[in-house]
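This report concerns only the one structure given below.
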Protein chains: 2
Amino acid sequence: MHREQLFDQLLHLSALLQADQERELSAIGLNTRTTHLMWAVHHRGPLMQREIADEMQVTQRHVTTLVDELIEAHLVYREPHPHDRRAVQIRLTEKGTSLMETMALDHTRLADALTQGWSDDEVAAVTSRIETVIARFAALVDEAAAERERTA
Amino acid sequence: MHREQLFDQLLHLSALLQADQERELSAIGLNTRTTHLMWAVHHRGPLMQREIADEMQVTQRHVTTLVDELIEAHLVYREPHPHDRRAVQIRLTEKGTSLMETMALDHTRLADALTQGWSDDEVAAVTSRIETVIARFAALVDEAAAERERTA
DNA sequence: TATTGTTATACTCTATAACTATA
DNA sequence: TATAGTTATAGAGTATAACAATA
């Protein structure tokens, strides 16, 4: 069936993208987690470690470790929180900011390369299809979660 | 730009699918690795542990561990290799086979649910687009690998 | 009393190296 | 000499629990 073939392809593509990303990142001494952390700070501004833990769904303790690594690499730094003396704020260094900007650019270039030769309409059509797949999948996951609640 | 939005969506979908799969598997005491192992045996027939290590791109030592876990769960068993007394063959138990069949069915059902209401032509059109994205991505990865060869 | 971050500790996943039995 | 699998060991990644400083 074609429907299953499409599904398998999406899984395949997802595996390819992920493997490639991990290879690229490890070449510059990063991994998915540390990059996610920097990406969050880059887009949301200075964050407390607790906020980062919430965003990334990992423990605060683990954020401490990740931040330590990024400080070692001169990509972020800790600053006292302006209003809460218990907390610190994580900010990107210049090097960190410029790395995030480079990544964003690479990202755009890759997106363009992968859809090269498609008309804008084609891009829009596929985008809208994928959107419905995401929405439906989210609905199914919610349903399953509700089911588990009821059973438990 | 729309092209980047599509790319981001594909990444998002991939993360959703993966997280969901891991949750489902952990509910039945499996993970991505052990499932991959069983899937390989289910589709390729009885395999030596070395063959499994090749297929999964992990060490033979790690295959030993994964097989031990699956034996503990009564999902596979070891059998002497018919022609090579150094080796063993991994086979699925009845329970293991039936689990793989259930998974294949769930997989088909999910693919259908996610594309519900799409015409066959629409499915085919999106499939063909994703195919070109995969092909192009593979080409880019190869190019980058060749580049690294030359530099090294 | 609750929250932020850290010290101490442990668990999971996976790898490398040395070894046994067999090819 | 090379290969299949295992014993022993170690490293990365991540979690839980207890604690200090502050809210």
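Quick caveat, the model's predicted, so the values are computed rather than measured. Every chain is numbered from 1 and lettered A, B, ... according to where its sequence line falls, protein lines coming before strand lines.
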- [ ] Kindly work out whether a path of hydrophobic side-chain contacts (I/L/V/M/F/W/Y, heavy atoms less than 4.5 Å apart) joins Met56(B) to Leu11(A).
- [x] no
With 3.5 Å as the limit, what N/O pairs link the protein to nucleotides 20-23 of chain C?
residue: dA23(C); atom: OP1; partner: Arg85(B); partner atom: N; Å: 2.8

TODO: Find the bend of the helix from dT1(C)-dA23(D) to dA23(C)-dT1(D) as the angle between its two terminal axes (five pairs each), to the nearest 10°.
DONE: 10°
Task: Side-chain heavy atoms of Leu17(B) within contact of Phe7(A), under 4.5 Å - done: yes
Task: Sorted by number, the residues of residues 40-57 of chain B with heavy-atom contact under 4.0 Å to DNA chain D - done: Met48(B), Gln49(B), Arg50(B)
Task: Closest non-hydrogen atom pair, Val41(A) against Ile90(A) - done: CG1-O, 3.5 Å
Task: Residue pairs passing the ring-ring contact (aromatic ring centres under 6.0 Å, His included) test where at least one lies in residues 38-67 of chain B, sequence neighbours excluded - done: Trp39(B)-His43(B)
Task: Minimum heavy-atom distance between Met48(A) and Ala87(A), given as atom pair plus value - done: SD-CB, 3.6 Å
TODO: Identify, residue by residue, the members of residues 60-71 of chain B with a heavy atom below 4.0 Å from DNA chain C, and return them in order of residue number, or none.
DONE: Arg61(B), His62(B)
- [ ] Could you say whether Arg78(B) or Val58(A) is positioned toward the 5' end of DNA chain D, judged by the nucleotide with the nearest heavy atom to each?
- [x] Arg78(B)
Open item on the list: Nearest 0.5 angstrom please: Leu10(B) CG to Gln5(B) CD, how far?
Closed with: 11.0 Å
Open item on the list: Does His107(B), at its NE2 atom, have more than 12 non-hydrogen atoms belonging to other residues, nucleotides or ligands within less than 6.0 Å?
Closed with: yes
Task: Heavy-atom closest contact (Val126(B) atom, Trp118(B) atom, distance) - done: CG2-CZ3, 3.9 Å
Open item on the list: Tell me whether the side-chain N/O atoms of Thr59(A) come closer than 4.0 Å to OP1 or OP2 in dA15(D).
Closed with: yes
Open item on the list: Would you say Thr65(A) and Asp68(A) are linked by a side-chain donor-acceptor pair, where the criterion is simply a distance under 3.5 Å?
Closed with: no
- [ ] Flag yes if Tyr77(B) and Leu75(B) sit in one hydrophobic cluster, no otherwise; membership is Ile, Leu, Val, Met, Phe, Trp, Tyr, and two members link when side-chain heavy atoms are under 4.5 Å apart.
- [x] no
Task: Residues Arg23(A), Asp20(A): salt bridge by 4.0 Å N-O rule - done: yes
Open item on the list: I need the minimum non-hydrogen distance between Gln49(B) and Arg78(B), along with the two atoms involved.
Closed with: OE1-NE, 2.8 Å
Task: Those residues of residues 15-39 of chain A lying under 4.0 Å from DNA chain D by at least one heavy atom - done: Asn31(A), Arg33(A)
- [ ] Give a yes or no answer on whether the side chain of Arg3(A) reaches the backbone of Thr115(B) with a donor-acceptor pair at less than 3.5 Å.
- [x] yes
Open item on the list: Let me confirm one number: the CG-CG distance from Leu105(B) to Leu110(B), rounded to the nearest 0.5 Å.
Closed with: 11.5 Å
Open item on the list: Using every non-hydrogen atom in the two residues, find where Gly117(B) and Glu122(B) come nearest and quote the distance to one decimal.
Closed with: O-OE1, 4.2 Å
